[in-house]
Amino acid sequence: MKTFENSDGFKVIQQWMADKGIAPFKFQTDTWQKFGSGYSGMVIAPTGFGKTFSVFLALVSDFMNHPQHYKKGLKMIWITPLRSLSKDIAKAMQEAMDEIGLDWTVGVRNGDTDQKVKQQQVRNMPEILVVTPESLHLLLGQKNHMRFFQDTKCIAVDEWHELLGSKRGVMVELGISQLRKYVPKIKIWGITATIGNLDEAMDVLIPYDIKKTKITAKEHKKIDILPVIPDELDILPWAGHLGAKLADKIVPIILGSKSTIVFTNTRSQSEMWYQLLLDAYPDFAGQIAIHHSSIDAHLRIWIEENLSAGKLKAVVSTSSLDLGIDFKPVDTVIQIGSAKGVARFLQRAGRSGHSPFETSKIYCVPTHSLELIEVAALKEAVKQKVIEPREPQVLCFDVLVQFLMTLAVGDGFYPEETYERIKKVFAFQEMTTKEWKSILDFLTIGGSVLKSYEEFHKIVIMEDGLYKVTSRKIAMLHRMNMGVIVSDAMLKVKFISGGYIGMVEEYFISKLKKEEKFILAGRTLEVAMIKDMTVYVRAAKGRAIAPSYLGGRLPLSSNLGHFLREKLSHALNPKASEKELKFLHPLLTSQEKNSHIPKEDEFLTELIKNREGYHLFMYPFEGRLVHEVMAALIAYRISKLAPISFSMAMNDYGFELFSDKEIPLNEDHLHKILSRDNLMNDVIASINSAEMARRKFRDIAVISGMVIQNYAGKQRSNKSLQSSAGLIFKVLEDHDPNHFLVRQAYTEVFNMQLQEQRLVEAFKRIEKSKIILKYSNTFTPLSFPIKVDSLRQTLSSESLDTRIKRMVEQARKKGF
């Protein structure tokens, strides 16, 4: 009997790799073997080790061993989260097949694909189709679409860790369930980098009772984490302040590398750093570029190709280049500010030293001195291999409603059979028959409340019980609005003289006046006029503001928060050998002298009184999102002791409550306001949860098709979407408060915005901690960055600089 190693497929692939001077890794051959034995599964391997080839070549090998089992047509669907990856993956696969001698073609289908190519694919599908989750659903919405898939052998989901935990992940789960209807024996393979809940990740992707396996690469990527340390230390640190000073240190790193990606956490930060690097080294003009999701797609593709070809020295990027694949190596990665999470940091580090045995080099550039503690915390987390889990989303009824509409627009669906199938999907295992009936009512007559509105009567029940969309207009609108990424309304940015630059959010532009200047794609632009969702601009010079985007700052992960508290706790220990902590020694000594450095089992609160008024600072180290909720909660609990109002500010380390009245707090009160008793009731009382749910409902209403965002050639403004969704929310709240989409809005507020689980865990920890209350008459090194963040909201950059200099001077006079 032939062993797998003696099989034709294995020999051909091994020979092809040998001609390239490489040999397969064990995890790759294990995948090929398991695939050939009828298994589905998940491959876990570091970036740069050929995860793509593990699953893709498994199909090629199986075909060569059993050509009689394969018919002409689509053999594999390859789902990728980012459009920018599709072209590279397809190119690498096509090259491999041409060299191996297979006459297969690889097609790409996503929002950037030319209409002619799409029509050609419908007539004659390629052997392998690379799609995004949205493109797969659009295929399922076509008439007679079953013909595309009837001979498909495998659906592969790339970068599953990126999709898991998002509504796009739920789209993938539903897409797989539909393909299993057409091809019950279809193999499901996921490809992922390491995450903290691998078993659960596999159960979400493959919840079915079929042969499945988890294949983990034994190889590990070596990572060098190199902090870029400033020449001098600011005892009072503040965010953004180190940028200009450290740009000079980054220039030689870029010059010393063939190619570099400079990662920033936000689009506005990427625009700022692009300018800083050009100012620090003007010869970079034409050698560096900027890459984020609001830049024109043609320009992004040009940048990716030129970085690959070695024509660009560096690219300043947001997470739009996070998900590297194995064919775009760069020498060096620079991370500006903290990556805020271990998984994201490893993903970005893996973009450098792309050949498996090279060491990945990542330089960490702090935006203020305290971020160096985060570098030390990251090193510890990487050393201990502690990586965050990705929590899967469940009961996303808006996604389910959209999916059922997709089926109804295509060939229609029968409710009983569809219900049985959807109940097996991980996200909907807890769905009740009552909820299912409400969804069907909603799709056919708009539910009990909206039944008198004709536009909500979308699906017609045919004589044989088939649920189908018969209106061409409803079908067209559904196809135009499919997807679950609801961004703020985006406005195109064009030169008055012609030429498209990119997109900005309506929310940012609405705050600009005519002739004000902003930066986009590294250019300084002046607003000329706004017409039909387009901002017309002229090229300009001088001071300009970088667009802020609502997708704002990344919050600190709970794992990193844990290591941060641990590092800080031992920071002044004479045995602490990390160079980051040694450099910070004067700052930490000053914190200890003027206040306190909390140990792991302590919780620090500072009360600071100065000329402006009274400041209360607390330091949970739980990340900005959790602190936003905690600040509102603590303010509410203090106001129950005595009537007082506060303004609030927060960063990833802590939060501030500021009042012009004295804050009525002593140690007894502190224990009371930091108690876990009645926690979520007080949270609901302290924030306007109905308003938060109303805002969240806008996205749910768009995804479920209650509110239409895009019409032919037109996109509705954010204001108009918000008011339409707000009206429907109010009607449902008044007449059907238990409506499944209203309940979903509240659940999302609790799980995502209020971070309920993490909040409860934080309070459990605080309850066990020793609470330390310190008084001061000046800002401390821990409180200063939070204060500056709050001033930034209200002052222009010039007056902010003046104000900070004055505050630093006052602190020095008081002995800092």
Side-chain angles (χ1 to χ4, degrees), residues 69-79 86 104-111 113-156 171-188 399-422 424-425 440 443-444 457-483 705 712:
H69 296 165
Y70 284 76
K71 292 182 186 154
K72 195 170 163 35
L74 182 61
K75 295 165 180 54
M76 176 183 265
I77 294 167
W78 189 278
I79 297 181
S86 308
W104 288 6
T105 56
V106 184
V108 171
R109 191 181 181 93
N110 58 41
T113 307
D114 187 83
Q115 204 52 42
K116 279 185 194 153
V117 176
K118 286 183 180 173
Q119 284 163 359
Q120 206 177 333
Q121 286 169 350
V122 168
R123 284 194 301 273
N124 189 10
M125 273 286 174
E127 277 73 16
I128 295 175
L129 188 64
V130 181
V131 295
T132 53
E134 294 78 6
S135 302
L136 174 62
H137 278 240
L138 277 163
L139 278 175
L140 296 173
Q142 293 214 11
K143 297 273 184 287
N144 192 18
H145 61 261
M146 187 182 157
R147 70 187 193 278
F148 306 140
F149 308 115
Q150 50 203 13
D151 297 313
T152 307
K153 295 290 180 193
C154 175
I155 180 160
M171 283 185 93
V172 171
E173 293 175 54
L174 288 167
I176 290 172
S177 83
Q178 192 64 20
L179 290 175
R180 284 188 84 246
K181 176 191 173 185
Y182 306 141
V183 189
K185 288 186 174 170
I186 196 166
K187 295 183 181 95
I188 306 158
V399 186
L400 180 54
V401 164
Q402 187 186 101
F403 173 67
L404 293 172
M405 271 298 289
T406 300
L407 296 184
V409 160
D411 295 324
F413 67 91
Y414 291 100
E416 294 77 12
E417 178 267 332
T418 308
Y419 176 70
E420 290 308 316
R421 203 169 61 252
I422 284 169
K424 290 180 183 147
V425 170
L440 295 178
L443 284 166
T444 48
H457 300 200
K458 293 183 178 177
I459 291 180
V460 176
I461 307 172
M462 313 304 273
E463 277 181 21
D464 64 348
L466 182 75
Y467 277 51
K468 197 157 174 31
V469 167
T470 52
S471 152
R472 282 187 64 180
K473 184 187 170 194
I474 289 172
M476 183 190 74
L477 283 175
H478 176 72
R479 287 195 183 102
M480 283 172 61
N481 288 277
M482 209 183 284

Asker: For Lys75, is there any backbone N or O sitting under 3.5 Å from a side-chain donor or acceptor partner on Glu127?
Answerer: no
Asker: Using side-chain heavy atoms (C-beta onward) and a distance below 4.5 Å, is Ile461 in contact with Leu466?
Answerer: no
Asker: Has the side chain of His145 got a donor or acceptor atom that lies under 3.5 Å from a matching backbone atom of Leu140?
Answerer: yes
Asker: Apply side-chain hydrogen bond (donor to acceptor under 3.5 Å, both in side chains) to Thr406 and His478, showing your working.
Answerer: CA-CA 8 Å; Thr406 300; His478 176 72; 2.9 Å; yes
Asker: What heavy-atom pair brings Phe413 and Leu404 nearest, and what distance separates the two atoms?
Answerer: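 Scanning both residues completely, I find the closest heavy atoms to be CE2-O, 3.5 Å.
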Asker: Report the residue from Leu129, Val172, Val130, Thr132 that forms a side-chain contact (heavy atoms from CB on, under 4.5 Å) with Ile79.
Answerer: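 Per the side-chain contact (heavy atoms from CB on, under 4.5 Å) rule, the option paired with Ile79 is Val172, out of Leu129, Val172, Val130, Thr132.
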Asker: Can you confirm whether Pro126 sits close enough to Trp104 that some side-chain heavy atom of one is under 4.5 Å from a side-chain heavy atom of the other?
Answerer: no
Asker: To the nearest 0.5 Å, how far apart are CH2 in Trp78 and SG in Cys154?
Answerer: 8.0 Å
Asker: Once rounded to the nearest 0.5 Å, what's the spacing between atom CD1 of Ile459 and atom CD1 of Ile474?
Answerer: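 Here the interatomic distance stands at 9.0 Å.
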Asker: Are the side chain of Ser135 and the backbone of Val131 linked by a donor-acceptor contact shorter than 3.5 Å?
Answerer: no
Asker: Take Arg421 and Glu417 through the test salt bridge (Lys or Arg N to Asp or Glu O under 4.0 Å) and record every step on the way to the result.
Answerer: CA-CA 6 Å; Arg421 203 169 61 252; Glu417 178 267 332; 2.3 Å; yes
Asker: Can you name the nearest heavy-atom pair linking Val469 to Ala475, along with the distance?
Answerer: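 Between these two residues, the closest heavy atoms are CG1-N, 4.0 Å.
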Asker: Before giving the answer on side-chain contact (heavy atoms from CB on, under 4.5 Å), spell out for Val409 and Arg479 the whole-Å C-alpha distance, their side-chain angles and the decisive distance to 0.1 Å.
Answerer: CA-CA 9 Å; Val409 160; Arg479 287 195 183 102; 3.3 Å; yes
Asker: I need the Ile176 CD1 to Ile188 CD1 distance, nearest 0.5 Å.
Answerer: 5.0 Å
Asker: Kindly give the heavy-atom pair with the smallest separation between Lys72 and Asp151, and that separation in Å.
Answerer: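 Answer, listing the atom of Lys72 first, then Asp151: O-OD2, 4.0 Å.
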Asker: Report the distance from atom CD of Gln178 to atom CZ of Phe149, rounding to the nearest 0.5 Å.
Answerer: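 One finds 9.0 Å between CD of Gln178 and CZ of Phe149.
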Asker: Return the minimal non-hydrogen interatomic distance between Pro415 and Gly465, and the atom names on each side.
Answerer: CD-O, 3.7 Å
Asker: A quick test of your reading: do over 12 heavy atoms of other residues, nucleotides or ligands sit less than 6.0 Å from NZ of Lys473?
Answerer: no
Asker: Check whether Arg109 reaches the backbone of Lys118 with its side chain - one donor and one acceptor, N or O, closer than 3.5 Å.
Answerer: yes
Asker: So how far is it from His137 NE2 to Phe403 CZ, rounded to the nearest 0.5 Å?
Answerer: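 Here the interatomic distance stands at 6.0 Å.
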Asker: Please check: side-chain N/O of Lys187 versus main-chain N/O of Ala156, any donor-acceptor pairing under 3.5 Å?
Answerer: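 Not a single qualifying donor-acceptor pair exists.
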Asker: Treating Thr152 as the side-chain partner and Met76 as the backbone partner, does any N or O pair qualify as donor plus acceptor under 3.5 Å?
Answerer: no
Asker: Which is it for Gln120 and Asn124 under the side-chain contact (heavy atoms from CB on, under 4.5 Å) test, yes or no, and what are the steps along the way?
Answerer: CA-CA 6 Å; Gln120 206 177 333; Asn124 189 10; 6.0 Å; no
Asker: Where do Val425 and Glu173 land on the side-chain contact (heavy atoms from CB on, under 4.5 Å) test, with the steps shown first?
Answerer: CA-CA 6 Å; Val425 170; Glu173 293 175 54; 3.4 Å; yes
Asker: Looking at every heavy atom in both Val122 and Phe148, which two are closest together, and how far apart are they?
Answerer: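 Looking at all heavy atoms of both residues, the shortest contact is O-CE2, 3.6 Å.
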Asker: How far apart are the C-alpha atoms of Lys458 and Met405, what are their side-chain angles, what is the distance that settles it, and do they pass the side-chain contact (heavy atoms from CB on, under 4.5 Å) test?
Answerer: CA-CA 8 Å; Lys458 293 183 178 177; Met405 271 298 289; 3.9 Å; yes
Asker: Hey, is the main chain of Gly483 close enough, under 3.5 Å, to the side chain of Gln402 for a donor-acceptor pair?
Answerer: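 Yes.
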Asker: Should the pair Lys153 and Tyr70 be classed as cation-pi, given the thresholds of under 6.0 Å to the six-membered ring centre and 45° from the axis?
Answerer: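 The answer is yes; both the distance and angle limits are met.
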Asker: Any donor-acceptor pair under 3.5 Å linking the side chain of Asp411 with the backbone of Asn144?
Answerer: yes
Asker: For the CG atom of Leu74 and the CD atom of Gln150, what is their distance to the nearest 0.5 Å?
Answerer: 10.5 Å
